[in-house]
Amino acid sequence: MSLLKIASVPPATVEPQASVLEAVETMAEHGVGAVAVVEKGELRGIFTERDVMLRVVLRSRHPKDTRVGEVMTAPVETIVDESGEDDALVHMVERHVRHLPVVDASGSLTGMLSIRNLLEHRVDELARELHALDQYLSND
(Lines give C-alpha, C1' and ligand atoms only; values in the text may rest on other atoms or scores of the structure.)
Protein backbone atom coordinates (compact mmCIF):
# COMPACT_ATOMS: atom_id res chain seq x y z
CA MET A 1 0.00 0.00 0.00
CA SER A 2 1.26 3.47 -0.85
CA LEU A 3 2.03 5.71 2.10
CA LEU A 4 0.02 8.41 0.32
CA LYS A 5 -3.17 6.71 1.52
CA ILE A 6 -2.35 7.79 5.08
CA ALA A 7 -0.16 10.86 4.50
CA SER A 8 -1.32 14.47 4.14
CA VAL A 9 -1.80 15.01 0.40
CA PRO A 10 -1.06 17.56 -0.85
CA PRO A 11 1.39 18.51 1.87
CA ALA A 12 1.44 21.96 3.43
CA THR A 13 4.35 23.92 1.95
CA VAL A 14 6.14 27.23 2.25
CA GLU A 15 9.06 28.80 0.42
CA PRO A 16 12.42 29.40 2.13
CA GLN A 17 11.82 33.18 1.92
CA ALA A 18 8.61 32.91 3.98
CA SER A 19 8.77 34.23 7.51
CA VAL A 20 8.55 31.86 10.44
CA LEU A 21 5.25 33.54 11.31
CA GLU A 22 3.87 32.71 7.84
CA ALA A 23 5.03 29.11 8.22
CA VAL A 24 3.36 28.80 11.63
CA GLU A 25 0.17 30.30 10.19
CA THR A 26 0.30 27.69 7.40
CA MET A 27 0.76 24.89 9.95
CA ALA A 28 -2.19 26.20 11.98
CA GLU A 29 -4.37 26.56 8.89
CA HIS A 30 -3.68 22.97 7.84
CA GLY A 31 -3.69 21.53 11.36
CA VAL A 32 -0.20 20.06 10.98
CA GLY A 33 3.05 20.18 12.91
CA ALA A 34 5.39 20.57 9.94
CA VAL A 35 5.58 22.12 6.50
CA ALA A 36 7.72 21.13 3.57
CA VAL A 37 10.01 23.91 2.41
CA VAL A 38 9.88 24.01 -1.38
CA GLU A 39 11.66 26.26 -3.85
CA LYS A 40 11.03 26.11 -7.60
CA GLY A 41 9.24 22.80 -7.16
CA GLU A 42 12.13 21.16 -5.27
CA LEU A 43 12.09 20.03 -1.65
CA ARG A 44 14.73 22.08 0.21
CA GLY A 45 13.94 21.21 3.82
CA ILE A 46 11.30 20.79 6.47
CA PHE A 47 10.15 23.24 9.11
CA THR A 48 8.63 21.72 12.23
CA GLU A 49 7.26 22.70 15.62
CA ARG A 50 10.56 21.52 17.05
CA ASP A 51 12.40 23.99 14.78
CA VAL A 52 10.19 26.79 16.11
CA MET A 53 11.03 25.83 19.67
CA LEU A 54 14.78 25.19 19.32
CA ARG A 55 15.84 27.50 16.51
CA VAL A 56 13.48 30.44 16.94
CA VAL A 57 12.09 30.74 20.48
CA LEU A 58 15.13 29.41 22.34
CA ARG A 59 17.41 31.78 20.37
CA SER A 60 15.07 34.76 20.89
CA ARG A 61 14.55 35.26 17.14
CA HIS A 62 11.54 37.24 15.99
CA PRO A 63 9.05 35.13 13.93
CA LYS A 64 8.18 38.02 11.58
CA ASP A 65 11.81 38.79 10.77
CA THR A 66 13.25 35.27 10.59
CA ARG A 67 13.10 33.45 7.25
CA VAL A 68 12.20 29.77 7.23
CA GLY A 69 15.28 29.02 5.12
CA GLU A 70 17.46 30.22 8.01
CA VAL A 71 15.97 27.83 10.58
CA MET A 72 14.58 24.86 8.65
CA THR A 73 15.95 21.34 8.97
CA ALA A 74 18.06 20.50 5.95
CA PRO A 75 18.95 18.18 4.47
CA VAL A 76 15.61 16.55 5.08
CA GLU A 77 14.87 12.89 5.70
CA THR A 78 12.39 11.53 3.12
CA ILE A 79 10.68 8.26 2.31
CA VAL A 80 9.54 6.87 -1.03
CA ASP A 81 5.75 6.58 -1.39
CA GLU A 82 5.90 2.87 -2.15
CA SER A 83 7.68 2.08 1.12
CA GLY A 84 5.76 0.01 3.61
CA GLU A 85 4.21 1.28 6.81
CA ASP A 86 6.63 -0.81 8.87
CA ASP A 87 9.59 0.74 7.04
CA ALA A 88 8.22 4.22 7.68
CA LEU A 89 7.69 3.55 11.38
CA VAL A 90 11.16 2.06 11.83
CA HIS A 91 12.69 4.99 9.93
CA MET A 92 10.87 7.54 12.07
CA VAL A 93 11.76 5.84 15.35
CA GLU A 94 15.42 5.25 14.44
CA ARG A 95 15.91 8.80 13.12
CA HIS A 96 13.86 10.45 15.90
CA VAL A 97 11.61 12.29 13.44
CA ARG A 98 7.88 12.88 13.69
CA HIS A 99 7.33 14.04 10.10
CA LEU A 100 8.60 12.54 6.86
CA PRO A 101 8.10 14.09 3.45
CA VAL A 102 6.91 11.43 1.03
CA VAL A 103 8.52 11.51 -2.41
CA ASP A 104 7.96 9.59 -5.62
CA ALA A 105 10.64 7.60 -7.47
CA SER A 106 11.94 10.78 -9.12
CA GLY A 107 12.25 12.59 -5.77
CA SER A 108 9.26 14.89 -6.21
CA LEU A 109 7.32 15.75 -3.06
CA THR A 110 3.95 14.01 -2.99
CA GLY A 111 2.85 14.08 0.66
CA MET A 112 3.80 14.46 4.32
CA LEU A 113 3.62 11.52 6.70
CA SER A 114 3.36 12.19 10.41
CA ILE A 115 3.84 9.71 13.21
CA ARG A 116 0.25 10.56 14.19
CA ASN A 117 -1.04 9.56 10.70
CA LEU A 118 0.84 6.30 10.94
CA LEU A 119 -0.24 5.40 14.47
CA GLU A 120 -3.89 6.32 13.89
CA HIS A 121 -3.90 4.09 10.82
CA ARG A 122 -2.37 1.25 12.86
CA VAL A 123 -4.97 1.63 15.61
CA ASP A 124 -7.78 1.52 13.02
CA GLU A 125 -6.30 -1.64 11.48
CA LEU A 126 -6.01 -3.32 14.88
CA ALA A 127 -9.59 -2.36 15.78
CA ARG A 128 -10.84 -3.90 12.52
CA GLU A 129 -8.87 -7.09 13.17
CA LEU A 130 -10.21 -7.30 16.72
CA HIS A 131 -13.77 -6.80 15.48
CA ALA A 132 -13.31 -9.52 12.84
CA LEU A 133 -11.89 -11.91 15.43
CA ASP A 134 -14.74 -11.12 17.80
CA GLN A 135 -17.28 -11.82 15.01
CA TYR A 136 -15.53 -15.09 14.19
CA LEU A 137 -15.57 -16.24 17.82
CA SER A 138 -19.20 -15.14 18.27
CA ASN A 139 -20.29 -17.27 15.32
CA ASP A 140 -18.63 -20.38 16.67
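Computed from a predicted model, the values in this text were never measured in an experiment.
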* Worked verdict on Val102 versus Thr78 for side chain to side chain contact (heavy atoms under 4.5 Å, CB included) -> CA-CA 6 Å; Val102 181; Thr78 62; over 6 Å; no
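- Residues Val9 and Gly111 share a closest heavy-atom pair of CG2-CA, 4.1 Å.
- Here the shortest heavy-atom pairing between Leu100 and Ala88 reads CD1-O, 4.3 Å.
- The nearest pair of heavy atoms linking Ala34 to His99 is CB-CG, 3.5 Å.
- Hydrophobic clustering (side-chain heavy atoms under 4.5 Å, transitive across Ile, Leu, Val, Met, Phe, Trp, Tyr) groups Val93 together with Val97.
- Cluster annotation: Leu21 is not connected to Met72 through the hydrophobic network of ILVMFWY side chains, with a link wherever side-chain heavy atoms come within less than 4.5 Å.
- The side-chain heavy atoms of Val103 and Ile79, taken from C-beta on, include no pair separated by under 4.5 Å.
- Taking all atoms of both residues into account, the shortest heavy-atom contact from Ser19 to Pro63 is CB-O, 3.6 Å.
- In the hydrophobic cluster analysis, where Ile, Leu, Val, Met, Phe, Trp and Tyr join through side-chain heavy atoms closer than 4.5 angstrom, Val71 is grouped together with Val32.
- In this structure, OG1 in Thr26 is found 10.5 Å from CZ in Phe47, a value given to the nearest 0.5 Å.
- Residue pairs meeting the salt bridge (charged side-chain N to carboxylate O under 4.0 Å, His left out) criterion with at least one partner in residues 7-31, sequence neighbours excluded, are absent.
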Show me, pair by pair, the donor-acceptor contacts under 3.5 angstrom made by side chains of residues 37-45, not counting sequence neighbours?
| unit_1 | atom_1 | unit_2 | atom_2 | d |
| --- | --- | --- | --- | --- |
| Glu39 | OE1 | Arg44 | NE | 3.4 |
| Glu39 | OE2 | Gln17 | NE2 | 3.0 |

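- Rounding to the nearest 0.5 Å places OG of Ser83 at 10.0 Å from CG of Leu113.
- Hydrophobic cluster membership of Leu54, counting Ile, Leu, Val, Met, Phe, Trp and Tyr whose side-chain heavy atoms lie under 4.5 Å apart directly or via other members: Met53, Leu58.
- Put simply, the side chain of Leu4 reaches to within 4.5 Å of the side chain of Thr110, judged on heavy atoms.
- Counting heavy atoms from C-beta outward, Val57 and Val52 have side chains that approach closer than 4.5 Å.
- Leu137 CG to Gln135 CD: the interatomic distance, rounded to the nearest 0.5 Å, is 10.0 Å.
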* For the pair Thr48 and Met27, evaluate side chain to side chain contact (heavy atoms under 4.5 Å, CB included) and give the outcome as yes or no after the intermediate values. => CA-CA 9 Å; Thr48 69; Met27 287 191 276; 6.0 Å; no
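- Atom CZ of Arg116 has 12 or fewer heavy atoms from other residues, nucleotides or ligands within 6.0 Å.
- Here the side chains of Met112 and Ile46 are in contact, with some heavy-atom distance below 4.5 Å.
- When all heavy atoms of Pro101 and Leu109 are compared, the pair lying nearest together is CB-CD1, 3.7 Å.
- Between the CG atom of Leu130 and the CD atom of Glu125 there is a distance of 13.5 Å, given to the nearest 0.5 Å.
- Listed by chain and number, the residues in a side chain to side chain donor-acceptor pair (under 3.5 Å) with Ser114 are Asn117 (sequence neighbours excluded).
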* Quick one: do Glu82 and Ser2 satisfy side chain to side chain contact (heavy atoms under 4.5 Å, CB included)? Show the steps, please. => CA-CA 5 Å; Glu82 292 304 320; Ser2 171; 3.9 Å; yes
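- The stretch residues 95-109 participates, sequence neighbours left out, in these salt bridge (charged side-chain N to carboxylate O under 4.0 Å, His left out) pairs: Glu77-Arg95.
- Rounding to the nearest 0.5 Å gives a distance of 8.5 Å between CG of Asp86 and CG of Leu118.
- Note on residues 62-75: pairs passing side chain to side chain donor-acceptor pair (under 3.5 Å), not counting sequence neighbours, are Asp51-Thr73, Arg55-Thr73, Arg61-Glu70.
- Considering only heavy atoms from C-beta on, Val24 stays 4.5 Å or farther from Glu49 through its side chain.
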